[in-house]
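The chains referred to below are lettered A, B, ... by the order of the sequence lines, with proteins before strands, and numbering in each begins at 1. Note: hydrogens, waters and symmetry copies are ignored here, and every other heavy atom, side chains too, is used. Computed from a predicted model, the values in this text were never measured in an experiment.
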Amino acid sequence: MPILGPMGAKTAMKKIMMTLILIGIGFIIKDRFFFKPPINESEVVPTQLEFTKVDELEVNESKMLIPQRLEDSISIPTEELEQRDKKAEYSGWDQSFQIAFAKCFQTEVLPSDFSNLLETLKPRLKNPVLELRNWHLNLKNGRTKRVMLLPREKENKYSSKDEASKNMIIREFSVDNEGLPVPEGEGLKFTPKKLSNILSQGSIYFSEEQTRYESSDKEGVLVVKQNGKLHSIEWYGKSQSFLCQKEASCLCSSPKFVAHTY
Amino acid sequence: MKNQALTLMCWVFLVTILSSFSVVNAEVWNDTEVWSKEKEAEYSQWVKTHWGKNFFNQKNLSDGTVNPFYGLRVDCADVVYTMRLAYSYFYQLPFAINDPTGGSKLISNKMSRYDNITDQNTRVKKFMSYIYNVTSTRSLPKDTFAVEINSQWIKPGALILTTATNHHSWSIKDILNIGVPWLVFNSTVGAASSVVIQDRKTWPNPHWVFEGNSTAAGNAGFRYWKPIDKLQKPQWEQEGYSDEQYKISLNRWVNIAQGRLKTQNEKPDDTLKRLMEVSCEELRSRVGAIKDGVLYLAANPNVCMSYQTYDNYSTPSRDQRFFDSLMELRNMYASLSDKSLPAELVNHLNKIFPEIEKSAKEESKLMEEINNFDTNSYCTVNYSTSPKNEKWIDLAEAKRRLFKGMMSNNPHDYLEVRWGEGNKKMPSSLSIRCQSWDQWEPKLP
C-alpha cells in the first residue's frame, strides 16, 4: 500500500474534517426537522367538536371551588358529538346501570340513560370537593397541550376546604409523538384569570373532572366526568355500594365485614 | 474532486439519517419478563429484603452494581412509585401507570422519549424523574386498588394511602410477625433536605389516615398495584378488591388489622420498646425540621414567610404525629395491669409518664420541668443550632412541653419558642405580626 505523501495526508485530513462536520450537521438537521413531535392522531378531533358549557356540565357549579368565569370561553358541542356519545353509552353494557341503580337505591324511578344518572342523584349530593381537572387543547400551531388543575401537595394538611381551594396549582404539559405528557415547569399558582388565559390558547377537545361528594346520609361519592358527561360514579353507602363506570361495569355490591377476634 | 466530495457528503448524510432511525422507538428498558403471581411474590420478597430508608443513599446495590436511583430526592408518593418501578427495572418486568393528565395511553417503560440516552442507568433515572414529575398522591388511587385485610394483599410491596386531606402515603417494607407494618416513607420537605428517607415500625393513626373521609370514596387505607392489563379498569374489577376496611370503626381499625396480620403475639415489653423507639425517632426528626426553619429565619430576619415557605418550615402535622406516638405509648403502658416489666424499662416509662394512673390531662398539669438527665432518661437529644451552646432534652421533657402546648409549630418563632423553653409560651414578635396557618394544639384526653 503506497504511503501517503504530505499532499495526500493533507487531503485525507480535509476529508476526515469534512466528514465530521457533515455528521454534525446531519444530527442537527435530524433533530430539528425530522423528529419534531407530530400531532398524535389518536388525540386529534375535528376542530368543530368542542365541549359543553360548564353550566350544563356541573352539578352545583356555584358551590364548586372553581369560579365559573373561567368557563366562558368554552363552546357548545355539535350534534355530531352528542349522537356519538349516545351510541357509546348503550353499546356493550346495555341497561346494566339501571338494574344496579334500582337495586342499590330501592327505587322504581330510574334515570333514562347513564348521562342522566347524576341529575337523578343530584338532590342527594352535598359538599363537593374538586379533586382534579384536566383539559386537552388543540393549539393554533397544530400541536396539542394539556392543562391540569389540582390542589398543591404541601408538608402539612389543609386546615379547611377553603384553604385547599385557595392553593390550587395549574400544571401545563405539551404532548410528545407518543401521546404522552411532557411537563412544562413546576406549575403556576391558580387564579381564574391565569387558567382562562391558558385555556384560551387553543380549542378544548377533551376535559375531565374528578369530584368528591358527601351524600345527605354522610356516604362517600366519587364522580368522574369526561367531556361534561358522567364517566364513572362510586357511591359507597352504609350497606351497599353503587359502582359504575361507563362501558366497563355497573354493580350494586353488598360487602359483608366479619370482625375477627384474636 | 468536486464529485467525490459531493458523493461523500451524500453518503455521510444518508448514514446519519439511517443510524438515527435505528434507535427510534427504543424502550427505557426491555421487559423480557411478565408479571404473574410468582413474580408478585418475588417482588414482595425483594421489597422485604432490599427496600429501605437508605435505598436512595446507596451508590451500589447489594450485588455491587451501580444503583441508578442513588441521589434522587423523593416525596411520599415518589417513594411508593419507586418501590414498584425499581423492582420492575431490576428484573426486566414492565412498569406502567395511568396518565394523570387524562390521556388514554399508559405511561410505561416502553416510551421512547429517552432513546437518545445511551447509558441504561441514566435513562432509567430520567424516566424515574419524569414519573415523579407527573405523579402525586392524587394519581395513586388510579394505579392501585383497595384490598382485603389479609396477608395475601397486605404484604411487602403494598402501600397505605391517606385521604386527600393529609395527602400522604407509605410503602410497606414488611409486616412484622406481630402484625405491625414496617413503613418506608418521606415527606414533601424531606424530599428537599435529604436522600435518606424515613421509616417506622408502627401503625399510622387511622384517624389521620382517613381524616375527612372514612368511606371508600376517600381512597385511603391499604392498597395494592393494579395489574398492567387492568390498569384502566375500575378498582372494583380487580382481583382482591374489597372495601371492608372502610366498614371498620376507626377506633378498632388497627386492632383488627393487626389481629389478622400477626403470626405471633408481641410481648408487652417488646411493644413498649418498639413504641418508645418510634417516639424517639419522631423527636429526633423534629430536631432536624426545626433546625431548618430556624436557619431560614436567621437568613431572612424580620420577613414574614409566604404560605409555601411557612408550610415548609411549620410542623403541625409532625407535632401531631409525635403526639400520637406518645399517646399510643402511654395508652399501652396504662393498659398493662400486670406491670411485670424489666426495671430499666419501667424507670424510663415512669419518667415520661410519672402519673400514669391519672389521665393525660391531669398528668400534664402535674409534671414539672425536668432539668436532670440521669439513667432514667430515655432518648436524649441536642436540639441547638449552635455547636457552642448545646441544648439537651430527653423524651420525658419533650413530652411534658408538647403536652402542655408549649412547643410552637409556627416557623416565625425562634428556637427557644419552637422547643417550648421556659415556663410559659412566649411567641416571638414576628409570629405575632405575621400571618400563620395550620396551628396545632394538643388535645389531651
With a 4.5 Å cut-off on side-chain heavy atoms, are [Y] and [X] touching?
X: A:L243; Y: B:Y241; result: yes
X: B:Y307; Y: A:R152; result: yes
X: B:E237; Y: A:Q245; result: no

When the side chains of residues 127-134 of chain B are checked against the rest of the protein, which donor-acceptor pairs come out under 3.5 Å, sequence neighbours left out?
residue: B:S129; atom: OG; partner: B:K125; partner atom: O; Å: 3.0
residue: B:Y130; atom: OH; partner: A:P181; partner atom: O; Å: 2.4
residue: B:Y132; atom: OH; partner: B:T82; partner atom: OG1; Å: 2.6
residue: B:N133; atom: OD1; partner: A:R171; partner atom: NH2; Å: 2.8

Practice task
Can you measure from CG (A:L132) to OG (B:S139) and round to the nearest 0.5 angstrom?
Solution key: 9.5 Å

Problem - Pairwise distance OG(B:S112) to CG(A:L180) - rounded to 0.5 angstrom - result: 8.5 Å

At a 4.5 Å cut-off on heavy atoms, which part of [X] comes close to chain A: side chain, backbone, both, or neither?
X: B:D99; result: side chain
X: B:T215; result: side chain
X: B:Q320; result: neither
X: B:T162; result: neither

Non-hydrogen atoms of [X] and [Y] that approach each other most closely:
X: A:M148; Y: B:P100; answer: CE-O, 3.3 Å
X: B:Q235; Y: A:E234; answer: NE2-OE1, 3.5 Å
X: B:A164; Y: A:R212; answer: CB-NH2, 3.9 Å
X: A:H136; Y: B:T101; answer: NE2-O, 2.8 Å
X: B:S136; Y: A:L150; answer: OG-CD1, 4.4 Å
X: B:W236; Y: A:S249; answer: NE1-OG, 2.9 Å

Practice task
Mind ranking A:K14, A:E131, A:K238 by heavy-atom pairs under 4.5 Å with chain B and telling me who comes out on top?
Solution key: A:E131

Please classify the contact of [X] with chain B as side chain, backbone, both or neither, using a heavy-atom distance under 4.5 Å.
X: A:Q210; answer: side chain
X: A:L251; answer: side chain
X: A:V147; answer: neither

Handout entry: Residues A:L222, B:N219; criterion side chain to side chain contact (heavy atoms under 4.5 Å, CB included); working and verdict
Key = CA-CA 10 Å; A:L222 205 51; B:N219 286 317; 3.6 Å; yes

Fill in the blank from the handout: For A:E219, the salt bridge (Lys or Arg N to Asp or Glu O under 4.0 Å) test, sequence neighbours excluded, returns none

Problem - Leading residue by heavy atom contact count with chain A [cutoff under 4.5 Å; candidates B:Q308, B:K233, B:E211] - result: B:Q308

